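Read the structure below first, then the notes.
First listed ligand is number 1; within each ligand, the first listed atom is number 1. When a residue number appears, it is its place in the shown sequence, counting from 1. Remember, it's a predicted structure, so these values are computed and weren't measured experimentally.
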Amino acid sequence: VTDCIICGLISGDLERSVPYEDDATVVFVDLNPVVRGHMFVVPRRHAPQLADLEEHEAAAMLRTARKAAAALRASELRCDGVNLFLADGEKAGQEIFHAHLHVIPRYDDDGFGLRFPEDYGPKPRAELNEVRDLVKEGWPA
Ligand SMILES: [Zn+2]
């Protein structure tokens, strides 16, 4: 897919900074880092969303993200924790439709965070079980 920015990064047609790559995945330093050290891991094959990935590609992304997190912690970059973040779908904040897994270093007052809804908190067991049953119905074979 020629108009995919991430495919352009993989091919080297676009300027990029690659700290690691292997047969299945490539890691890029994010052009717009939310925190210094922010990277993302992509599968080499163009796959728009999570469900489009082969299982081995999804596994490879997490395997590489785990190494990226270890690299951040071992580096001189500031990193007291790591968030992995994958936006799957436009409503989830996905902007580039080539699946990618963000690896974001975290530390006190880094300015990044997740916003929780106002009704965040424990829910009744019956509600949790209703959700469980709905998820089970949708579970892939
Ligand atoms: Zn692509």
Inset, instruction - Would you please name every residue forming a salt bridge (charged side-chain N to carboxylate O under 4.0 Å, His left out) with R36, sequence neighbours left out? - result: none

Legend entry - Among the N, O or S atoms of H46, the one nearest the Zn ion (ligand 1): ND1

Legend entry - Atom name, H98 (N, O or S, nearest to the Zn ion (ligand 1)): ND1

Legend entry - Flag for Y20-D22: side-chain donor and acceptor within less than 3.5 Å: yes

Legend entry - Side-chain touch R44/V26, heavy atoms, less than 4.5 angstrom: yes

Legend entry - Angle subtended at the Zn ion (ligand 1) by C7 SG and C4 SG, rounded to 10 degrees: 120°

Inset, instruction - Answer with yes or no after comparing the ring centroid distance for H98 and H100 against a 6.0 Å cut-off, counting only values under it. - result: no

